[in-house]
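All figures in this text were calculated on a predicted structure; none of them were measured in a lab. Only heavy atoms go into these numbers, but all of them, side chains included; no hydrogens, no water, no symmetry mates.
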Amino acid sequence: MEDLPDAEVPHTDPVPPRFHTGRLPNSKAGDGKPRLLLMGQRRSGKSSISSVVFHKLPPSETLYLETTTRIKKESMHSFMDFQVWDFPGHLDYFDPAFDVDNIFEEIGALIWVIDAQDEYLEAIMRLNTTILNLQHSYPNINVEVFVHKVDGLSEDYKGDTFRDIIQRVQDELSDHGYENAPVSFYQTSIYDHSIFEAFSKVIQKLIPQLPTLEALLNSLCSTCHIEKAYLFDIMSKIYIATDTSPTDIGSYEICSDYIDVVIDVSEIYGWDRPSENGDADLQETGNNDAESLITMERKGNNYLYLREINKYLALICLMGDDSPSEKKAVIDYNVGVFQAALKQVFPRAERDIVVQSPS
């Protein structure tokens, strides 16, 4: 792992590094924060998705969220800084009253939410209109379609609805001459882990270092005989990378639930999290990192290993029947090598959050 040829070493430059990692082919303003635009019809679930994923709101409490009446802009600070813009469903974004360039110039991904339990023909029509309008000025935008609220549908009807939406979108785009428009589709619900899985796939497309991260994780798995490894964003439970072995939702669900327990404990005993006011001097400093190794009564992947890599990221590994007590020293050493490599891939990983006081 120490000599991994694919490791991406940042070049030295007298200009201070910009700490986002988003791939922004449409960037004009250059504010360094890729945007995730949440769009769709009214009551499709956009605000609920944002609240559950980025604010840890229990799904049952989203019933009390008010309808969004204006554009909500929120900044997220983690392994990379990005913005989430929640758009009201009734707005026409291409009306001359709106500055289209200001909305779409720093976009990382356009996430279009379709309510699978409602009539979706109008939502598909508006989605296709939006894609066609954007193709002229911003052809490289990633369009991510969340077929949402599928938890309320039967398995057969869920699959039929999903295929029907994909077919209708692709057929209309094809009729207008766009055979291979960059559109991806996901089945999502806030009542299970599918929404986090979908956001993981969306975020990974914005990370140019993803091949390097996958190579590092592959090397770690091969060296330590690990069956599956995930690199999680601690705050949102989105995984930003995994090794290239097949991913199943079951293993992700176990890791996601596990990280909740360990991180809640480490809030008391582990990393000193960035404070709201930026006054790092007043914070208590706990242990260097949170480390855990547990045994699970489960067929197949019997052992889970978690290690916090830095204040933003945690590594979770699923291991098989081999005794982890015999391999733990080897795993610890190689995870340390992985941690050092990650600092080179993400220069911001160890930076301090500094908030300047207003003048």
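The closest side-chain donor-acceptor pair between D243 and Y230, if any, does not fall under 3.5 angstrom. Side-chain atoms of N133 and T130 include no donor-acceptor pair closer than 3.5 Å. With 3.5 Å as the limit, one finds a donor-acceptor pair spanning the side chains of N218 and T244. A donor-acceptor contact closer than 3.5 angstrom is absent between the side chains of S50 and D86. Side-chain atoms of K201 and S184 form no donor-acceptor pair, as typed in the model, at a separation below 3.5 Å. Side chains of D332 and Y305: a donor-acceptor N/O pair is present below 3.5 angstrom, by distance only.
Closest non-hydrogen pair, A116 versus V147, comes out as CB-CG1, 3.8 Å. Closest of all the heavy-atom pairs between L38 and V84 is CD1-CG1, 3.9 Å. In terms of heavy atoms, F87 sits closest to K46 at O-CE, 2.8 Å.
Contact annotation: the side chain of Q41 approaches that of R126 to within less than 4.5 Å [non-hydrogen atoms, C-beta and beyond]. No side-chain heavy atom of V145 sits under 4.5 Å from any side-chain heavy atom of I166. The shortest side-chain heavy-atom distance between I331 and M319 falls under the 4.5 Å cut-off. F232 places none of its side-chain heavy atoms less than 4.5 Å from the side chain of Y258. By the 4.5 Å heavy-atom criterion applied to side chains, L231 and Y239 are not counted as neighbours. In this structure, the side chains of I190 and V53 stay at 4.5 Å or more apart for every pair of heavy atoms. C255 places a side-chain heavy atom less than 4.5 Å from the side chain of L318. Residues L217 and I226 fail the side-chain proximity criterion, which asks for heavy atoms closer than 4.5 Å.
Atom-to-atom distance recorded for I207:CD1 and E214:CD is 10.0 Å, nearest 0.5 angstrom. To the nearest 0.5 Å, the span separating CD1 on I114 from CG on L127 amounts to 5.5 Å. Note that the CD atom of E172 and the CG atom of N128 stand 4.0 Å from one another [nearest 0.5 Å]. Here the CG-CD distance, from L121 to E119, works out to 6.0 Å after rounding to the nearest 0.5 Å. Going from atom CG of D151 over to atom CD of Q187 covers 11.5 Å, rounded to the nearest 0.5 Å.
Pairs engaging residues 139-161 under the ring-ring contact (aromatic ring centres under 6.0 Å, His included) rule: F146-Y186, F146-F199 [sequence neighbours left out]. The salt bridge (charged side-chain N to carboxylate O under 4.0 Å, His left out) analysis of residues 137-150, with sequence neighbours excluded, yields the pairs D115-K149, E144-K205.
A salt bridge is defined here as a Lys NZ or Arg NE, NH1 or NH2 lying under 4.0 Å from an Asp or Glu carboxylate O, and D164 with R168 meets this definition.
In terms of modelled atom types and a separation under 3.5 Å, the side chain of K237 and the main chain of I259 share no donor-acceptor contact.
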